[in-house]
Amino acid sequence: MQLVSKFIFLCMSQFFSFGMIYAQTSDGFIITNRSLTITMDDAIDIFKGQKQLVGSVKVAPVDNTSAQNNFLSKVLGISVAQYNVLWSKASFGDGLSKPGVKNTDAEIIEAVKSTPGGVGYVTTKPGDDVKVVGKFSENE
Amino acid sequence: MSNRFLMIPLMILLCLEKAQADGNFGIPVHGFADALWGYSTKGNVPREKLNGFSLGTFDLYLVPQFSDRVTSLIEIAFEPSMDEGDVGLDVERLQMGYIFNDKLTLWFGRFHSPYGYWNNAYHHGAQIQTSIAKPRFIDWEDHSGFMPAHSVGIWARGQSRIKGGSKWTYDFYITNGNHVKDTTLDMNIVRDDNTNPALGFNLGYGFGGAFSGLLIGIHGMSQKVNTQEEDKDNNIDALNSDLKFGGGYLVYEAHNFEISSEYYHFDNSNLNKDSKTKHKSSAWFMHVGYFLHEDVISYVRYEDSKLDKDDRYFSSQKNGNSYNRSVLGLRYNLNYKAALKIEGTKTKIKESTSFVNKNNFNEIRIQYAISF
């Protein structure tokens, strides 16, 4: 009986630990309009309000509410609250407009695809409509 | 109290309401507002002493973009006067810019003088500023400051990323020189009253990597300030001073800390008809905040100024006195658009001037500040 319960416990713990690992490996992709060429450092600057132009193209970053927490903590290294404060200061001090906001990957891809300076991030690998600049995940 | 304080914002809000109802959102209006309660012990610095409830500044700003490169920033502020209790309407900033690239944006118009960090980063943004009061000497000219916080002229600003996420930042500006009007520094909004414009710079270095969040910089300004207007009828000659200051600043925002410090060394001269006399002074502050929780920050600040009282740049201003101040406060963010703060200050006016006597006073203030 003891052996059976040990076995059940082992199975359950393996199941839950696998579940946790699986949950931690959700990926994210930073994407741009196909006409735009930027690096990961550029993407960080763009979402911090420190880069406005790539060549002669004005950048147009868009936040994705479904992936924002992960993107901010893994790529920018800040929380949502800190991000909001950062943009309040950038808007008031430098006259910048906060990134637009979309709720789903499909909306982000559509916005990035249709705007020459579009930059965004999504949770699933996008098609060829947009360019993937970099990848981020919980395990990075 | 003037009805303008209520009528103008009300009209703006009604227009916005109408625009939204029509489905035309136009240019977003942002702003700040705050209300205060305060108690001060005895003292004779009326501009600063607050007893009872008070309206703070109601500030509105817009950032219309006219093309990818043509930009602007328009800010108006409704400020209750500490002297008269009336509400003044100020075109706080009206700056038109052209973005050449990330390394150069050229602004033209009226802007916040870009010395140090605090003056340009927070200014009327009560909700984004951690503390209730600004460091006293960099407060606005008509409150308790003696620095030229506002400017009219041309301003070049930019930044350049270097290896490892570090970056250089810079500001260069040429503006109308200031003059002292009714014991308060005035920026000469319409014309320069002498042929000597103000020249200033601010060079910063933002660290990347392990020191990310750290910004250090140097700054300086030079200008001729008219401290007394000529009055031919009463045989009074104009008096001028050379204002020259240089110094440095440090900002650190990481690992739950929020630290900022600014230092100013003044090497001013009284310009007489045939001679000039030199006067050295200094002012500085250090502010240290620590996040006890994501939404709660405690902070302390110490400020000190040692001003030569024979320096006409300071002695002609009501606020030009040596002082020190200790500040202790606590801030709670209800969310990222609203904050409740409580702050205690202990101020010592070190020397008597023509406008205030040597004295000490303590204050406690509570502020509710919002942004939108």
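Each chain gets a letter, A, B and so on, in the order its sequence line appears, and its residues count up from 1.
The minimum heavy-atom distance between A:S91 and B:V63, with the atom names listed, is O-CG1, 4.0 Å. Taking each heavy atom of B:R69 and A:S56 in turn, the nearest pair found is NH2-CA, 3.4 Å. Here the closest non-hydrogen pair linking A:L53 and B:D102 is O-OD2, 3.2 Å. Looking at every heavy atom in both residues, B:Q159 comes nearest to A:Q50 through NE2-O, 3.4 Å.
More than 12 heavy atoms of other residues, nucleotides or ligands lie within 6.0 Å of CG in B:L334, so this atom counts as buried by the packing criterion.
A:F92 pairs with exactly one of B:E75, B:H30, B:Q127 by the side-chain contact (heavy atoms from CB on, under 4.5 Å) rule, that one being B:E75.
Here the CH2-CG distance, from B:W107 to A:D94, works out to 7.5 Å after rounding to the nearest 0.5 Å.
For B:D59, the part lying near chain A is the side chain, with the backbone staying farther off; criterion is any non-hydrogen pair under 4.5 Å. If you measure heavy-atom distances from B:F100 to chain A, the contacts under 4.5 Å come from the backbone alone. Using a 4.5 Å cut-off between heavy atoms, B:Y122 contacts chain A through both its backbone and its side chain. Contacts between A:Q82 and chain B at a heavy-atom distance below 4.5 Å are absent for every atom of the residue. Within the 4.5 angstrom heavy-atom criterion, only backbone atoms of A:L96 (N, CA, C, O) approach chain B. Proximity to chain A (any heavy atom under 4.5 Å) is shown, for B:Q95, by neither the backbone nor the side chain.
Between B:K337 and A:N84, the closest side-chain pair of non-hydrogen atoms is not below 4.5 Å. The shortest distance between side-chain heavy atoms of B:Q65 and A:K58 falls below 4.5 Å. The side-chain heavy atoms of B:T71 and A:Q52, taken from C-beta on, include no pair separated by under 4.5 Å.
Electrostatic pairing of B:K167 and A:D45 does not count as a salt bridge here, judged by no charged N lying under 4.0 Å from a carboxylate O.
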